[in-house]
Amino acid sequence: FNSPLYHYILAPVYFTFKGNPNIAVVFLIIANVSVILLLYKLSTVLFKNHWIGIISGYLWAVSFDQVHFARHLSNASLMCFFKTIYFLGLAIVFLNKKRYGLIISVVGLTLATHMNIYLIYLLFLYPVFFFIYRPKIQLGFIIKNFLLLCGLLSNFILAEIIFKFIGIK
């Protein structure tokens, strides 16, 4: 089940190019190619080595699964893009000790969850990483990010309620 966000993202592409699905596929391919840059940044944050970032970007570029899924007009095309944003945010907040990483990871998590509901399990990594790394983040900031999470998931939750939780059954 795709949330409404998947269709909101593709609607301007379809509208601009008069419903041409080939252009929508090109849009999804470009989104997947841009993951190379996100992976480079994530790898340099994790390993503090730009060569590992280059290698990870290269491996993404030649991965059979990514080349295959990038062309699908389905939620699988954008999931990897948003999951990479989530993990980049986690690395920034827990390894680089920058508060804004929490905002990036919450946005990445909610957008990834919009692509497929099962990705909500990534939410459980927050308490694990908070226990391991013990960042100095105020409770108020955490509450604001939780409200951001709820706000960004609100149209997904509303669609589930309207359609009697068909995506979770």
Side-chain angles (χ1 to χ4, degrees), residues 1-46 52-93 100-126 145-169:
F1 174 70
N2 297 328
S3 80
L5 182 67
Y6 175 76
H7 304 289
Y8 296 160
I9 291 171
L10 288 181
V13 176
Y14 280 122
F15 180 76
T16 305
F17 296 99
K18 297 176 181 37
N20 187 347
N22 294 322
I23 302 299
V25 169
V26 169
F27 172 78
L28 294 173
I29 289 171
I30 290 169
N32 271 292
V33 168
S34 66
V35 173
I36 294 170
L37 301 173
L38 292 170
L39 272 176
Y40 174 80
K41 179 64 176 165
L42 175 62
S43 299
T44 55
V45 169
L46 287 174
I52 294 176
I54 291 171
I55 291 169
S56 66
Y58 173 76
L59 289 175
W60 180 270
V62 298
S63 166
F64 173 77
D65 283 340
Q66 278 318 114
V67 171
H68 177 69
F69 280 120
R71 299 177 306 191
H72 284 223
L73 276 173
S74 73
N75 58 341
S77 304
L78 292 172
M79 275 193 312
C80 294
F81 178 78
F82 295 132
K83 283 190 303 187
T84 308
I85 292 172
Y86 166 73
F87 285 113
L88 176 61
L90 282 181
I92 291 170
V93 72
Y100 68 88
L102 188 58
I103 298 169
I104 293 170
S105 70
V106 165
V107 170
L109 172 65
T110 54
L111 294 175
T113 304
H114 275 282
M115 295 303 110
N116 204 321
I117 185 68
Y118 78 85
L119 292 174
I120 196 69
Y121 78 87
L122 294 173
L123 184 66
F124 298 110
L125 288 179
Y126 287 117
N145 279 281
F146 179 74
L147 293 174
L148 175 65
L149 175 93
C150 293
L152 291 174
L153 281 179
S154 63
N155 67 346
F156 191 105
I157 295 166
L158 184 61
E160 284 293 312
I161 292 169
I162 289 171
F163 296 110
K164 298 179 177 56
F165 298 96
I166 195 169
I168 305 175
K169 290 182 182 177

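No donor-acceptor contact under 3.5 angstrom links the side chains of Thr113 and Tyr118, judged on distance only.
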Should Asn145 and Ile103 be marked as a side chain to side chain contact (heavy atoms under 4.5 Å, CB included) after you check the CA-CA gap, both sets of side-chain angles, and the distance that decides it?
CA-CA 6 Å; Asn145 279 281; Ile103 298 169; 3.3 Å; yes
Under the criterion side chain to side chain contact (heavy atoms under 4.5 Å, CB included), I'd like the reasoning laid out for Val35 against Tyr40: C-alpha separation, chi angles, the key distance, then a yes or no.
CA-CA 8 Å; Val35 173; Tyr40 174 80; over 6 Å; no
May I have the step-by-step check of side chain to side chain contact (heavy atoms under 4.5 Å, CB included) for Phe87 and Leu125, ending in yes or no?
CA-CA 10 Å; Phe87 285 113; Leu125 288 179; 3.9 Å; yes
Side chain to side chain contact (heavy atoms under 4.5 Å, CB included) between Ile9 and Phe27, worked out
CA-CA 10 Å; Ile9 291 171; Phe27 172 78; 3.6 Å; yes
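Looking at Ser63, its side chain never comes within 3.5 Å of a backbone N or O of Trp60 through a donor-acceptor pair. Remark: side-chain polar atoms of Thr16 are not paired, donor with acceptor, to backbone N or O of Val13 under 3.5 angstrom.
Taking the side chain as every heavy atom from C-beta outward, Leu28 and Leu78 approach each other to under 4.5 Å. For the pair Ile117 and Glu160, the minimum side-chain heavy-atom distance is 4.5 Å or more.
Once rounded to the nearest 0.5 Å, the distance linking CG of Leu119 with CG of Asn116 reads 5.5 Å. Considering CD1 of Ile29 and CG of Asn22, their distance stands at 9.5 Å, rounded to 0.5 Å. To the nearest 0.5 Å, atom CG of residue Leu90 and atom CD1 of residue Ile85 are 12.5 Å apart. The distance from atom CE of Met115 to atom CZ of Phe82, rounded to the nearest 0.5 Å, is 5.0 Å. Asn155 contributes atom CG, which lies 9.5 Å from atom OG1 of Thr110 (distance to the nearest 0.5 angstrom). Taking CG of Asp65 as the start and NE2 of His68 as the end, the distance is 7.5 Å to the nearest 0.5 Å.
Among all heavy-atom pairs drawn from Tyr86 and Leu109, the shortest one is CD1-CB, 3.6 Å. When all heavy atoms of Tyr126 and Ser105 are compared, the pair lying nearest together is OH-OG, 2.9 Å. Closest of all the heavy-atom pairs between Leu39 and Thr84 is N-CG2, 4.1 Å. The two residues Gly101 and Val93 have their closest heavy-atom pair at C-CB, 3.9 Å. Looking at every heavy atom in both residues, Ser34 comes nearest to Ala31 through OG-O, 2.5 Å. A pairwise comparison of heavy atoms in Pro21 and Tyr14 identifies CA-CE2, 3.9 Å as the closest pair.
In the displayed structure, Phe146 atom CZ is contacted under 6.0 Å by at most 12 heavy atoms of other residues, nucleotides or ligands.
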